[in-house]
Amino acid sequence: MDITDLLVSFQGKDCRREIARDITEQKEQLDRVSSRLTVEETLVDCIQTLSGEPDRWR
């Protein structure tokens, strides 16, 4: 859940405006992408180790 809170003036009174958004799907997608990146980085490290070549991209 992502909650945004803002103090606003409404008809001469201070009021709070709060917006809540469900970001569960976005967080799950980020976790999947992050996990895949970790696996791919590990594979690249293994390939470089097996090939005996230094990493030219990092």
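Computed from a prediction, not measured in an experiment: that's the story for all the values here. The figures here come from the full heavy-atom set of this structure, side chains too, leaving out hydrogens, waters and symmetry mates.
Taking CG from Asp22 and NZ from Lys27, the interatomic distance works out to 10.0 Å, rounded to the nearest 0.5 Å. Atom CD of Glu18 and atom CG of Leu7 lie 10.5 Å apart (nearest 0.5 Å).
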Given the rule in the side chain to side chain contact (heavy atoms under 4.5 Å, CB included) test, do Arg21 and Ile19 qualify, once you have shown the distances and angles that lead to the verdict? CA-CA 7 Å; Arg21 296 182 300 141; Ile19 299 173; 4.3 Å; yes

Pair Asp5-Arg17, salt bridge (Lys or Arg N to Asp or Glu O under 4.0 Å): steps then yes or no: CA-CA 6 Å; Asp5 183 308; Arg17 182 191 77 172; over 6 Å; no

Please step through side chain to side chain contact (heavy atoms under 4.5 Å, CB included) for the pair Ile23 and Gln26, ending with a clear verdict. CA-CA 5 Å; Ile23 58 171; Gln26 291 88 340; 3.9 Å; yes

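A distance-only check finds a donor-acceptor pair linking the side chain of Thr49 to the backbone of Asp45 [under 3.5 Å]. A distance-only check finds no donor-acceptor pair linking the side chain of Ser35 to the backbone of Asp31 [under 3.5 Å].
Between Leu37 and Val39, every side-chain heavy-atom pair lies at or beyond the 4.5 Å cut-off.
For Glu25, the CD atom sits in a loose shell: 12 or fewer heavy atoms of surrounding residues, nucleotides or ligands are nearer than 6.0 Å.
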